[in-house]
There are 2 protein chains.
Amino acid sequence: MNDTCIRVDEPLIEQMAQNLPDEQTINRMSAIFQALQSDTRLKIMSLLSQKEMCVCEFDCALDVTQSAISHSLRTLRQLDLVRVKKQGRFAIYYLADDHVKILIDLCNKHVTECSA
Amino acid sequence: MNDTCIRVDEPLIEQMAQNLPDEQTINRMSAIFQALQSDTRLKIMSLLSQKEMCVCEFDCALDVTQSAISHSLRTLRQLDLVRVKKQGRFAIYYLADDHVKILIDLCNKHVTECSA
DNA sequence: TGAATATATGAACACCTGTTCATGTATTAA
DNA sequence: TTAATACATGAACAGGTGTTCATATATTCA
């Protein structure tokens with residue numbers, strides 16, 4: 001297929017393409033969605049929207065190894081979706097900000113409303 | 001590691017685990033985030049939030065093959081994130097609803113605000 | 001000090017994803 | 001009818017992801 005069909009207004013499309021978020025922004029957005037695409041990490045985020053938690057508590061609530069939880073938390077940490085504070089030998093995790101909570105809630109709402 | 005540490009209030013954690021969205025909801029949510037995790041699909045969604053488009057127009061705006069675009073659109077269609085209407089030989093794609101647009105905007109906002 | 005607890009991390013492996021290539025189908029135009 | 005156009009789809013392959021296992025580190029307690 002060539003790059004143009006009868007419907008394509010090339011200058012317009014090119015301008016729209018330039019209105020796209022820049023590559024760096026796209027990358028960071030896709031990284032966030034990528035992080036939220038795992039069942040385990042979604043559950044972690046959902047739990048954290050109820051209260052802050054240490055790794056043990058996740059271990060008790062979820063059905064994966066402690067190692068898997070730590071790996072998941074690292075991913076979320078690196079994207080600044082969650083943060084840690086150390087309390088003695090415990091690592092207490094909490095949501096980085098409300099944006100993320102809203103993201104999760106919005107998606108949940110979309111899914112449950114649209115399947116109802 | 002055992003399933004309990006000194007911090008764990010087991011009945012509470014178990015109740016929190018039950019408050020989690022059910023498996024089906026979690027699966028649908030992760031499927032949506034999974035779909036939005038690809039640069040190409042994110043760009044498609046961003047373009048669609050500007051105006052409805054046919055496949056040719058995506059082909060003109062994006063730097064991947066028409067095949068890749070069709071595959072991406074199928075993924076988005078199957079999750080009801082976008083919809084199609086046929087107009088002669090053209091397939092016109094548009095966002096399924098506003099939830100999704102808000103999701104994208106919110107994530108974009110998060111990324112650009114937090115990196116500023 | 002030494003043992004137990006809480007968490008992190010590297011390696012490895014099975015699985016999944018996104019792309020391209022090749023090709024198929026449907027619609028229009030000549 | 002034939003050729004061209006617009007789009008869809010299956011196969012296949014490279015690259016990435018999530019999990020577990022084994023192990024390391026850091027903190028507390030005896």
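Values reported hereafter were calculated over all heavy atoms of this structure, with side chains retained and with hydrogens, waters and symmetry mates removed. Numbers restart at 1 for each chain; the letters A, B, ... are given by sequence-line order, proteins then strands.
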_Stretch residues 39-52 of chain A: residues that reach within less than 4.0 Å of DNA chain C through a heavy atom_ = none

*Assess whether atom CG of Asp22(A) is packed by more than 12 heavy atoms of other residues, nucleotides or ligands within 6.0 Å.*
yes

*Does Leu76(B) share a hydrophobic cluster with Ile92(B), counting links as ILVMFWY side-chain heavy atoms below 4.5 Å and allowing steps through other members?*
no

*asked:* A side-chain contact here means heavy atoms from C-beta on lying under 4.5 Å apart; do Phe58(A) and Leu48(A) qualify?
replied: yes

N/O to N/O distances under 3.5 Å, protein versus nucleotides 28-30 of chain C:
none

*Within the structure shown, what part of the strands sits under 4.0 Å from Tyr93(B) by heavy-atom distance: base, sugar-phosphate, or nothing?*
sugar-phosphate

*To the nearest Å, how far apart are Lys85(B) NZ and dA6(D) P?*
18 Å

*Yes or no on side chain to side chain contact (heavy atoms under 4.5 Å, CB included) for Cys107(B) and Phe33(A), after CA distance, side-chain angles and deciding distance?*
CA-CA 9 Å; Cys107(B) 184; Phe33(A) 286 126; 3.6 Å; yes

*So does Lys51(B) have more than 12 non-hydrogen atoms from other groups sitting under 6.0 Å from NZ?*
yes

*Can you sort out which residues in residues 14-25 of chain A have a heavy atom within less than 4.0 Å of DNA chain D? Ascending by number, please.*
none

*More than 12 foreign heavy atoms under 6.0 Å from CD of Gln50(B): is that the case here?*
yes

*With heavy atoms under 4.0 Å as the rule, sort Ser70(A) into base, sugar-phosphate or nothing.*
base

_Expressed as a whole number of angstroms, how long is the span from Lys86(A):NZ to dA26(D):C1'?_
6 Å

*Starting at CZ of Phe58(B) and ending at P of dA8(D), how long is that distance when rounded to a whole Å?*
10 Å

*asked:* By the 4.0 Å heavy-atom rule, please label Gln37(A) as base, sugar-phosphate, or nothing.
replied: sugar-phosphate

*Does a side-chain N-to-carboxylate-O contact under 4.0 Å join Lys43(B) and Asp39(B)?*
no

*asked:* Can a side-chain donor-acceptor contact be found between Asn27(B) and Ser30(B) if the only test is distance below 3.5 angstrom?
replied: no

*Does atom CG of Asn19(A) have more than 12 heavy-atom neighbours from other groups under 6.0 Å away?*
yes

*Could you tell me the separation between the CG atom of Leu73(A) and the P atom of dA6(C), rounded to a whole number of Å?*
16 Å

*Once you build an axis from the first five pairs and another from the last five of the helix from dT1(C)-dA30(D) to dA30(C)-dT1(D), how far apart in angle are they, to 10 degrees?*
20°

_Straight-line distance of Met45(B) CE to Ser38(B) OG, nearest 0.5 Å_ = 11.0 Å

*So do the side chains of Leu81(B) and His110(A) get within less than 4.5 Å of each other, counting heavy atoms only?*
yes

*Kindly indicate, with the supporting measurements, whether the criterion side chain to side chain contact (heavy atoms under 4.5 Å, CB included) is fulfilled by Ile104(A) and Ser49(A).*
CA-CA 9 Å; Ile104(A) 307 276; Ser49(A) 70; over 6 Å; no

_With a 4.5 Å cut-off on side-chain heavy atoms, are Met53(A) and Met16(B) touching?_
yes

*Ile6(A) near the nucleic acid: base, sugar-phosphate alone, or nothing, with a heavy-atom cut-off under 4.0 Å?*
sugar-phosphate

*Would you call Asp80(A) and Arg83(A) a salt bridge, using N to O less than 4.0 angstrom?*
yes

Under-3.5 Å N/O pairs linking protein and nucleotides 14-16 of chain D:
none

*Any side-chain donor-acceptor pair under 3.5 Å between Gln66(A) and Ser70(A)?*
yes

_Worked verdict on Gln37(A) versus Met29(B) for side chain to side chain contact (heavy atoms under 4.5 Å, CB included)_ = CA-CA 8 Å; Gln37(A) 154 266 354; Met29(B) 290 174 69; over 6 Å; no

*Find the distance Phe90(A):CZ to dA4(C):P and express it as a whole number of Å.*
17 Å

*Under-4.0 Å side-chain N/O to phosphate OP1/OP2 contact, Arg77(A) with dT7(C)*: no

*asked:* Taking 4.0 Å as the cut-off, does a side-chain nitrogen or oxygen of Ser72(A) come that near to OP1 or OP2 on dT17(D)?
replied: no

*asked:* One thing to verify: whether Arg28(A) and Glu23(A) come together as a salt bridge, which I'm taking to mean a side-chain N less than 4.0 angstrom from a carboxylate O.
replied: no

*Take atom CZ of Arg7(B) and atom C1' of dT27(D), then tell me their distance rounded to the nearest Å.*
15 Å

*asked:* Go through it in stages, so that I can follow the logic: the residues are Glu14(A) and Gln18(A), the test is side chain to side chain contact (heavy atoms under 4.5 Å, CB included), and I'd like the CA-CA distance, side-chain angles, deciding distance and then a yes or no.
replied: CA-CA 6 Å; Glu14(A) 262 173 45; Gln18(A) 291 193 342; 5.7 Å; no

*Between atom CD in Gln78(B) and atom P in dG18(C), what is the gap in whole Å?*
12 Å

*Would Lys101(A) and Asp105(A) pass as an ion pair if we require N to O under 4.0 Å?*
yes

*In whole angstroms, how far is the P atom of dA8(C) from the CD1 atom of Ile92(A)?*
11 Å

Close N or O pairs between protein and nucleotides 20-22 of chain C (under 3.5 Å):
residue, atom, partner, partner atom, Å
dT20(C), OP2, Thr65(B), N, 3.0
dT20(C), OP2, Thr65(B), OG1, 2.6
dT20(C), O4, His71(B), NE2, 3.4
dC21(C), N4, Ser67(B), OG, 2.5

